[in-house]
2 protein chains.
Amino acid sequence: MAEPRWLDEREMRAWSGFLAASALVNRRLDQQLKDDSGLSHPQYEILVRLAAAPGRELRMTELANGLINSKSGLTYQVTQMEKAGLVRRRSCPSDVRGVFAVLTDAGRAKLEEAAPGHVATVREVLVDVLTPEQLDALADGLGEVGRRLRGQGD
Amino acid sequence: MAEPRWLDEREMRAWSGFLAASALVNRRLDQQLKDDSGLSHPQYEILVRLAAAPGRELRMTELANGLINSKSGLTYQVTQMEKAGLVRRRSCPSDVRGVFAVLTDAGRAKLEEAAPGHVATVREVLVDVLTPEQLDALADGLGEVGRRLRGQGD
DNA sequence: CATGGGTTGTTCGAATTTGAATCACCCGCT
DNA sequence: AGCGGGTGATTCAAATTCGAACAACCCATG
């Protein structure tokens with residue numbers, strides 16, 4: 001790999017823009033969530049996924065594949081959230097090894113409390129800043145990026 | 001903030017695409033850099049910034065503002081990189097408190113060694129996946145996103 | 001029904017990150 | 001010169017992250 005194709009100016013702008021926005025947006029969301037509801041961004045994502053799941057429960061592995069963190073990272077977060085009463089563990093009847101994370105009523109309430117402020121921040125920092133055309137380009141382009149990485153990485 | 005404007009489908013696709021791509025791309029880059037050259041992504045960014053700076057040196061604060069991490073996080077990373085011989089600290093003559101991080105020859109060599117593989121990965125996971133139109137939309141849209149967050153956050 | 005390969009979730013230690021507190025210092029003002 | 005507010009960088013403890021190792025288990029195959 002001696003002399004690769006370096007990035008031209010257009011590519012460079014896109015890349016560094018993506019990198020910077022990625023870091024800044026994540027930082028801002030983390031801060032907003034923590035200030036506003038005492039949740040970390042990973043925890044919020046867990047709540048969202050569980051709330052959307054049938055029966056409001058998901059297997060640990062499914063939750064981890066969702067992304068965010070590694071398996072061990074998920075174990076840690078679920079333990080924290082269990083202490084806080086937001087989720088509950090339930091062992092899977094058909095597979096002794098399996099564990100469901102179940103959203104509690106308190107967890108659901110916490111999510112409903114946190115969601116409006118979160119959405120408002122998402123609009124403020126990203127969605128409302130972009131034109132509809134840019135939104136579509138993001139969805140299409142980054143959607144494909146995500147799809148490819150999911151295919152390989154797992 | 002009782003009932004905010006929720007995200008419609010277009011907005012939701014863009015947002016979750018951005019979130020997923022952001023996490024997956026970062027994870028992938030971290031892994032590639034670590035496997036390929038033993039650098040973390042934050043460390044690579046520090047090398048890049050220093051290499052591009054006049055005199056190949058920057059004040060700690062400028063480096064931290066670049067983003068990536070907090071001030072204390074930067075102190076930690078620079079200490080690690082100093083142990084590895086990639087950078088050197090130099091105190092600022094005009095301000096006793098000030099500290100410059102200076103890129104060493106070894107650091108420069110390390111960067112040149114790591115860059116081709118890094119660029120190839122950036123192409124593979126992002127740049128070459130997008131159309132030119134999508135690249136422009138990313139650059140324009142996310143550029144503005146970053147600009148706004150820089151304005152506020154500091 | 002035994003066996004081996006692949007899963008599932010947790011545990012462990014090491015590395016990294018963060019914010020708050022701290023120390024030393026610069027600068028403008030009186 | 002003497003103050004006081006603000007800045008630059010580090011230190012510290014606590015929280016979080018990851019990967020590797022682990023233990024327990026499922027299941028298809030012979």
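Numbers restart at 1 for each chain; the letters A, B, ... are given by sequence-line order, proteins then strands.
- With rounding to whole Å, M60(B) atom CE is found 9 Å from dT10(D) atom C1'.
- In the model, Q43(B) has no side-chain atom that pairs as donor or acceptor with a side-chain atom of Q80(B) under 3.5 Å.
- Note on R27(B): every side-chain N or O is 4.0 Å or more away from OP1 and OP2 of dT17(D).
- Between L58(A) atom CG and dT8(C) atom C1' the separation is 15 Å, expressed in whole Å.
- Comparing atom distances between the T75(B) side chain and each of dG9(C), dG19(D), dA9(D) picks out dA9(D) as nearest.
- Geometrically, R59(B) engages F100(B) in a cation-pi contact, judged by NZ or CZ lying under 6.0 Å from the ring centre and within 45° of the ring axis.
- Residue H41(A) contributes atom NE2, which lies 17 Å from atom C1' of dT18(C) at whole-angstrom precision.
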### Under 4.0 Å protein heavy-atom contacts per nucleotide of nucleotides 20-27 of chain C, with B for base, S for backbone only and - for none
----BBS-
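- Taking atom CG of residue L33(A) and atom P of nucleotide dA15(D), one finds them 19 Å apart after rounding to whole Å.
- Of all the residues in residues 76-88 of chain B, not one reaches under 4.0 Å from DNA chain D with any non-hydrogen atom.
- Protein atom CG of L39(B) is 15 Å distant from nucleotide atom C1' of dA15(C), rounded to whole Å.
- In summary, the side chains of S91(B) and R97(B) do not present any donor paired with an acceptor at a separation below 3.5 Å, with no hydrogens or angles considered.
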### Task
Start with the C-alpha gap between L130(B) and L138(B), add the side-chain angles, then the distance that decides, and say whether side-chain contact (heavy atoms from CB on, under 4.5 Å) holds.
CA-CA 10 Å; L130(B) 303 177; L138(B) 266 191; 3.3 Å; yes
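- The distance between atom CZ of R28(B) and atom C1' of dC18(D), rounded to the nearest whole Å, is 17 Å.
- The CH2 atom of W15(A) lies 11.5 Å from the CG atom of L142(B); values are rounded to the nearest 0.5 Å.
- Side-chain contact check for E11(A) versus R123(B): some heavy-atom pair is nearer than 4.5 Å.
- Note on R148(A) versus E124(B): no salt bridge recorded, every NZ/NE/NH1/NH2 to OD/OE distance being 4.0 Å or above.
- In this structure, the CG atom of N69(B) is 16 Å from the P atom of dT17(D), given to the nearest Å.
- A donor-acceptor contact closer than 3.5 angstrom links the side chains of S22(B) and N26(A).
- Taking side-chain N and O atoms only, R89(A) has no distance below 4.0 Å to OP1 or OP2 of dG9(C).
- Residue contacts shown for G73(B) include a base, since a base heavy atom lies under 4.0 Å away.
- Ring planes of Y44(A) and H118(A): tilted class, angle from 30 to 60°.
- Here dT16(C) presents its P atom at 14 Å from CG of L74(B), a figure rounded to the nearest Å.
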